[in-house]
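Below, chains carry the letters A, B, ... as their sequence lines are ordered, and counting in each starts from 1.
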2 protein chains.
Amino acid sequence: MTTTVRNPHTPTGARILDTASALFYERGIRAVGVDLIANEAGTTKKTLYDRFGSKDELVAAYLSRRAARWAAYLTDYLDRHATEPGPQRVLAVIDALEEWLKGQDRGCAFVNAYAEIGGTDHPGNAVIRQDKQDMRALFVRLVEEAGIPDPEVVGAQVHLLYEGAIVVRTAGGIDEAYDEARAAMTRLLSR
Amino acid sequence: MTTTVRNPHTPTGARILDTASALFYERGIRAVGVDLIANEAGTTKKTLYDRFGSKDELVAAYLSRRAARWAAYLTDYLDRHATEPGPQRVLAVIDALEEWLKGQDRGCAFVNAYAEIGGTDHPGNAVIRQDKQDMRALFVRLVEEAGIPDPEVVGAQVHLLYEGAIVVRTAGGIDEAYDEARAAMTRLLSR
DNA sequence: AGGGAACCATACCGGTCTGTATACTTGCAG
DNA sequence: CTGCAAGTATACAGACCGGTATGGTTCCCT
């Protein structure tokens with residue numbers, strides 16, 4: 001009897017996840033079928049299910065990896081563009097976001113995923129919630145390191161501006177959202 | 001030859017729209033099929049298509065009516081709870097939102113719809129964009145009536161907090177989001 | 001009287017959905 | 001050399017998708 005431990009970390013598994021990630025983000029989760037993913041990845045549904053077990057778990061893997069990639073991108077960006085603690089380092093999160101989403105109009109992958117799976121028992125929901133809490137914690141930490149009073153309060157408020165800016169920019173089609181967020185953050189971080 | 005002008009404003013048409021609205025909001029657009037809508041509304045697909053022409057147009061009708069209802073609800077709420085112009089009337093928009101979404105976890109219908117149809121030529125996209133622009137214009141007007149300088153700038157900033165609060169509250173599961181938004185708005189509206 | 005809007009019931013269309021089954025090949029590690 | 005993970009190819013299951021076709025009934029307005 002062989003227990004066939006599911007291991008997505010194979011060359012084809014990686015190709016499947018890459019393809020699925022691009023399609024899920026670009027078109028939405030329900031809009032993309034496993035047949036399409038397998039074809040575009042140059043493999044078969046059999047292998048997809050051998051690697052990921054179900055579409056839901058593939059979706060969860062997509063969200064997890066996107067969260068990890070964004071975290072890595074953001075950390076790197078901050079270290080390269082705003083080394084010193086201070087308000088500028090908080091604002092630089094918006095710079096990183098703008099760069100990360102440049103030329104795209106699909107907004108936040110987690111907000112989009114929540115629209116499709118929120119309120120269900122889908123394994124992706126934990127990832128979504130975690131991403132928002134992580135972003136909040138990051139803002140609190142940056143505000144604290146900037147030596148600003150009440151970092152818990154101010155960090156949370158700045159986080160709201162960050163999330164609002166993505167929504168307004170993408171769903172609202174308002175290009176100035178990022179600039180507005182930086183200006184509002186500057187006010188909240190002052191004194 | 002009869003030109004059969006499509007008119008959704010019939011008793012059954014209203015029932016279809018009511019049913020579809022509840023299902024679309026609760027489960028998402030692609031997750032709900034026209035068969036289910038017709039059954040739940042106690043009618044047939046034939047009548048659904050006679051009234052609305054296509055699923056896309058039914059979705060657009062759902063979004064349009066939700067925008068109209070929220071606008072009416074908000075106007076009424078403000079007139080009853082914060083008659084006088086001033087910062088309190090701006091904050092009351094969050095009160096109204098909290099009441100409007102009370103006991104629900106599906107957040108903003110327009111953000112959710114954008115996640116599923118954004119970037120396509122779906123007729124609902126115009127409604128989504130319009131809703132965000134209307135909310136922005138409302139905030140600018142309320143800030144202006146409050147006698148606060150730079151209402152265009154401050155109104156836009158307050159709008160970011162509003163949109164951010166919905167996302168953080170629902171997708172992030174953070175209950176304090178509304179309180180945080182009111183506190184941040186108070187700071188942006190001061191002096 | 002008659003025309004048409006509104007509605008119900010049912011069946012069908014081609015396609016897509018997630019997921020499984022069967023059977024085979026390749027390459028590597030003990 | 002053998003056992004197994006990883007992969008390909010193809011077919012199928014059963015449900016559901018949006019949308020159309022056919023045919024009939026009720027009721028109102030002219």
> According to the interplanar angle, ranging from 0 to 90°, do the rings of Trp70(B) and Tyr162(B) count as parallel (below 30°), tilted (30 to 60°) or perpendicular (above 60°)?
Replying inline: parallel
>> Under 4.0 Å, counting only non-hydrogen atoms across every strand here, what does Gly42(A) touch: a base, just sugar-phosphate, or nothing?
In response: sugar-phosphate
> Any side-chain N or O of Arg30(A) less than 4.0 Å from the OP1 or OP2 oxygen of dC16(D)?
Replying inline: no
> So, is Thr43(B) near the phosphate of dC7(C), with a side-chain N or O under 4.0 Å from OP1 or OP2?
Replying inline: no
> How long is the line joining CZ of Phe52(A) and P of dA6(D), in whole Å?
Replying inline: 12 Å
> Is NZ or CZ of Arg66(B) both nearer than 6.0 Å to the six-membered ring centre of Tyr25(B) and within 45° of the ring axis?
Replying inline: yes
>> Nearest to the side chain of Tyr49(A), heavy atoms from C-beta on, is which of dT20(D), dG19(C), dC8(C)?
In response: dG19(C)
> What's the CD1-C1' distance between Ile29(B) and dG18(D), to the nearest Å?
Replying inline: 15 Å
> Which distance, rounded to the nearest 0.5 Å, do you find between the CD of Gln157(A) and the CZ of Arg182(B)?
Replying inline: 12.5 Å
> Does Thr44(B) make a side-chain N or O approach to OP1 or OP2 of dA9(C) shorter than 4.0 Å?
Replying inline: no
> Phosphate oxygens OP1/OP2 of dT18(C): is one of them under 4.0 Å from a side-chain N or O of Ser54(A)?
Replying inline: no
>> Checking contacts here: which listed nucleotide (dC7(C), dA6(D), dG18(D)) is nearest the side-chain heavy atoms of Arg51(B)?
In response: dC7(C)
> Base, sugar-phosphate, or nothing for Thr10(B), non-hydrogen atoms under 4.0 angstrom?
Replying inline: sugar-phosphate
> Which whole-number value in Å describes the distance from Lys46(A) NZ to dT25(C) P?
Replying inline: 15 Å
>> Checking Asp134(B) against Gln130(B) for the side-chain hydrogen bond (donor to acceptor under 3.5 Å, both in side chains) test, could you report, in this order, the C-alpha distance in whole Å, the side-chain angles of both residues, the deciding distance, and whether it holds?
In response: CA-CA 6 Å; Asp134(B) 287 350; Gln130(B) 191 62 54; 2.8 Å; yes
> Over how many whole Å does the gap from Asp35(B) atom CG to dT20(D) atom C1' extend?
Replying inline: 13 Å
>> I need the CD1-P distance between Ile37(A) and dG19(C), as an integer number of Å.
In response: 11 Å
> Pick the nucleotide of DNA chain C nearest each of Pro11(B) and Leu36(A); which residue has the one closer to the 5' end?
Replying inline: Pro11(B)
> Nearest-Å distance, CG (Asp50(A)) to P (dT20(C))?
Replying inline: 11 Å
> Nearest-Å distance, CZ (Arg27(A)) to P (dT16(C))?
Replying inline: 13 Å
> When clusters are formed by joining ILVMFWY residues with side-chain heavy atoms under 4.5 Å apart, either directly or through shared neighbours, do Leu91(A) and Ile94(A) land in the same one?
Replying inline: yes
>> With a 4.0 Å limit, can you tell me whether Thr12(B) has a side-chain N or O closer than that to the phosphate oxygens OP1/OP2 of dC7(C)?
In response: yes
> What is the distance, rounded to the nearest whole Å, between atom NZ of Lys45(B) and atom P of dT10(C)?
Replying inline: 14 Å
